[in-house]
Amino acid sequence: MALVLASLVMLALLPAALGAQEGTGATAAAAAADPAWWFWPLVLFGMTFVMGILAAVGGVGGGVLFVPIVSGFCPFHLDFVRCTGLLVALCGALAAGPGFLRMNLASLRLAMPVAMIASACAIAGAMVGLALPTNVVQTLLGAAILGIVALMMRARKSAFPVVPRADRLSQILRIHGVYMEASLNQEVDWKIHRTATGLLLFIGIGFMAGMFGLGAGWANVPVLNLVFGAPLKVSVATSKFLLSITDTSAAWVYLNEGCVIPMMVVPSLVGIMLGSFIGVRILRVAKPSFVRWIVIVLLLFAGGKAITKGLGLPFIV
Amino acid sequence: MAIICICRGSKSGGRRLAECLSARLDYPILGREVLQEAAAALGVPAEMLERKMADRPSLWGRFSSMRRAYVVAVQAALAERAASGNLVYHGLSGGLLMRGAPVVFCVRLIAPMESRVRVVREETGMTAAEARGYIRELDASRSRWVEVMYGEDIMDPALYDLVVNLVSLTVEGGCAVVTRAIQGPEFSVDEDVLARLEDFRLACQVKLALAGDVELRALELDAEAEGGTVVISGEVPLRKSGRTGDRIVELARGVAGVRQIRLRVEWFDPYP
Amino acid sequence: MAIITISRGSLSGGRRVAECLCDRLDCPCLADEVLQNAARKLEVSEGAVRGKFETAPGLWSRLSRERERYVLAVQTALAEACTEGDLVYHGLAGQFLLRGLPAVLRVRLIAPLEMRIGALRAADREMSRQAAEDFIRNVDRDRERRVRSMYGLDVEDPALYDLTVNLRSLSLDAACAAIAEAAAQPAFRIGETERARHQAFAAECRQRLEESLSGD
Amino acid sequence: MGEHRTPGVSDEQLLYARILAVGMYTGLLTLLVTFGVYLSGAVEPAVPIEELPRYWTMDVQTYLEAVNQEYLHRDHALTGWWWLGALDRGDFLTWVGIAFLSAVTPVCFAGVVPLMVRKRDWIYVAIAVTEVAILALAASGILIAGGH
């Protein structure tokens, strides 16, 4: 069983690795050596399949992996990659949303004010991102990715943050909730504080999500958990739900700009969904901590690649 | 009274030391039988478990969750036997398996290569070079095992309470030294120590129950107990169904002796 | 009964264990006295001898024979002390100076870093935790380097000792009792043959020291 | 679905979840079906599949210009909702699924507004309406970024 899965992962990695190599070969060498039209979509499918697995096992949103890796190692233009990344993150969020909402893990009341701010800023971010020269966006993307890695490595989470008193704003908005906690065999009541600070932070988060086409789970969860003080479970689920709103607004901007190439979008979507389907099963046999390290190394690599590509410097691959 | 864990290179006289201590202190002795008990708890053949515990872990073995299940099972079997507060254990990595438990005394036995080679030659009739290679191989795979599973260096003296070198001392001498070392009040077993040992046993049983579940096996959940209250920690994917937490609690509740369960887990989002 | 050498990291409680052993076994307890004797032989100060042991050798002294002579002086002083019979030596490098000698119980005492930091801060209340940790790490590193360059060995290697005792869960008293038990083993009894060997060793050391001193 | 109700979950949240689930599944299905049509070649695409590698390396402006000049021959390059006019082409047909998925969220918000009005939860009505407006603004295509 373990061996089968391992070889499956290897098989999926193979085209990605091949693709990364041929990608630089193809761009560096003459266009005469161009592979057939189906080559890159297939590579994309393989890469996203692996990303789906990593996302599921390592708990890192597919969007965060998708944009830096695909833009770094495939010939696709960053404009299309960002849009595809947004759509990938959007679909993942849409798919998880109903379950989280029904289980009352994602909170609509918490998400709505946050989403209003984040989605407005995501639109602005998307517009700025499309107006800026590509190499600037690519460099900024690299810097953002490295920042995300730093955040992931020192992330400190709090299962049940202590919120002594709900603040005025959250009381006016009546943001509080309750969910069933099996371990305590009781319902956990939660409330939030520092609402204004948190909402301000979402201006930046929304902007970055729109600009780079990244999902923003890496930023949503810490802010919801550590600033607002929502329980970790609620933060994780609400963050996912939030993505479905933020990414929708940014996606429309990209859509209206015509950044959609279906031959990129659909293989990516199908790849990542199949990957996460397999990934959830792999979770039964592989350790998340190990995968977390793979993801961090991958992101460091992709971040470095994005910076060097943006600045026109040489890089290993 | 104490739980004496003997860690030794193969053919260094670990068994003789264990037998001497067991006779002198009148403690029960436990060796490889612990593997059989663990295998029975997991429902796998004992030979397979023995192999998994001894082999050098492969690349896949490093991130395979099954290996951890084996370790947890051995730990649980050992904790079960240690609950009374006196035991001489001379199996694999006792000190590391019993880490966190009270009144554990870890002894490492080292012997000069020549004497180990002599023992192997007497037992098997190998040539000196063969025997030397055999011992090196065994030592290397054991040390690799400890490194992979616990991130520790098996040679590091800081892991042990006492390292006995058999270059001048005899096994009987080592036995006398260990016997004397555990006479102090720090190894006396009172109500409190028994309660902590019981908690340790309980936590191991909970870990075993969780490690046996297909859904939870890979999550490497950790458990600690205090007075029957078990705290479970680890990283857990937040599924749409929301059932993972319930499943953990349900399994942990099924362990006899558990009074209360607290989940102190880090949830993460497994969806792309 | 035996000659016991105790090697320890700084602040590992070695002195107290040594004193406890001397009380229990009723034998002399040596450390600085050996250095003083050696200094007298060389006609230098005790600090100069200690300095040669406590700093890693510089390039010059690696080449010169000066350090060798200092080591020889300390070895001679210790060997002479051994001819008197049972003793506990908890000074520098005992396990190396008496290498190959029979009836010598070589003990290494170790303690967890936290415990040593606590001991240091208890002695010097002004010291911050970080400063204490840095100090201990520095001393350890120096010692490790020195032993490696002088003897080519790892000071932590348990194969160099008969017993390595960790004070993380053993009390000082228990450690002392266990070491005394080991010293009582027949392998460490000083009989006639052992005494003769000790005397021969001392004589040999003395002779080499004299050669070295007159060599200049 | 409704057989077991989690405690504390509000009506509007349940309604939102229900609309979301239906929308998401329909959207995904539409996307896959239209993509299948595109791949099968049943509907002639605007850009021949074999030619795609030439285009996806361009930035979006250049790409749209090129596609317009070489295949579509319209007055303007295709931005905003103008792709609706090119639904007879296989590749643009696929946009229907993508647009559907992107439209699920505003529909969900619009769907829960009446429930909130009934509860007189005016602040959240305002937020929901604003959210729909923001998303509609984004979708309208009024906001089009300047050129590179």
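Proteins come first, then strands; the chains are lettered A, B, ... in the order of their sequence lines, and each starts at number 1. The figures that follow rest on heavy atoms only: side chains count, while hydrogens, waters and symmetry mates do not.
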Under 4.5 Å from any heavy atom of chain D - which part of [X]:
X      : answer
A:C91  : side chain
A:A111 : neither
A:V265 : side chain
A:R174 : side chain
A:V81  : neither
A:L87  : side chain

Is the CD atom of D:E70 crowded by more than 12 outside heavy atoms at less than 6.0 Å?
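Check passes, neighbour count above 12.
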Please state whether the side chain, the backbone, both or neither of [X] comes within less than 4.5 Å of a heavy atom of chain A.
X      : answer
D:I19  : neither
D:Y55  : backbone
D:P106 : side chain
D:A103 : both
D:E12  : both
D:I49  : both
D:T130 : side chain

Side-chain ([X]) to main-chain ([Y]) donor-acceptor, under 3.5 angstrom:
X      : Y      : result
D:E50  : A:A36  : no
A:N256 : D:A139 : yes
D:W56  : A:F80  : no

To the nearest 0.5 Å, what is the distance between [atom1] ([X]) and [atom2] ([Y])?
X      : Y      : atom1 : atom2 : result
A:R109 : D:I127 : CZ    : CD1   : 8.0 Å
A:M263 : D:T94  : CE    : OG1   : 8.5 Å
D:E131 : A:M116 : CD    : CE    : 8.0 Å
D:I98  : A:T84  : CD1   : OG1   : 8.0 Å
D:L135 : A:S249 : CG    : OG    : 6.0 Å
D:Q61  : A:D79  : CD    : CG    : 7.5 Å

Minimum-distance pair of heavy atoms, taken over all atoms of [X] and [Y]:
X      : Y      : answer
A:T248 : D:S102 : CG2-O, 3.0 Å
D:L101 : A:L90  : O-CD2, 4.4 Å
A:P98  : D:M24  : CG-CE, 4.3 Å
D:Y63  : A:G258 : CE2-O, 3.7 Å
D:V60  : A:C259 : CG2-SG, 3.7 Å
A:W37  : D:P53  : CA-CG, 3.6 Å

Is the distance between the ring centroids of D:Y16 and A:F241 under 6.0 Å?
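Yes, close enough.
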Contact check, side chains of A:F76 and D:T57, non-hydrogen atoms, under 4.5 Å:
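Side chain of A:F76 against side chain of D:T57, heavy atoms only: no contact under 4.5 Å found.
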Non-hydrogen side-chain atoms of A:L173 and D:Y124 separated by less than 4.5 Å
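A side-chain contact exists here, since the closest heavy-atom pair is under 4.5 Å.
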Between [options], who has the most heavy-atom pairs with chain D when the cutoff is under 4.5 Å?
options                       : answer
A:D247, A:L86, A:I245, A:V178 : A:I245
A:G99, A:A122, A:G97, A:A115  : A:A115
A:L269, A:L94, A:I261         : A:L94

Option in D:A99, D:C108, D:G27, D:A128 with maximal non-hydrogen atom pairs under 4.5 Å from chain A
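Result: the option with the highest number of such pairs is D:A99.
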Verify side-chain contact (heavy atoms from CB on, under 4.5 Å) between D:L14 and A:R102, making sure each step is shown before the conclusion.
CA-CA 6 Å; D:L14 273 184; A:R102 275 196 207 109; 3.9 Å; yes
Give the intermediate values and the outcome of side-chain contact (heavy atoms from CB on, under 4.5 Å) for residues A:W40 and D:L52.
CA-CA 10 Å; A:W40 282 110; D:L52 271 175; over 6 Å; no
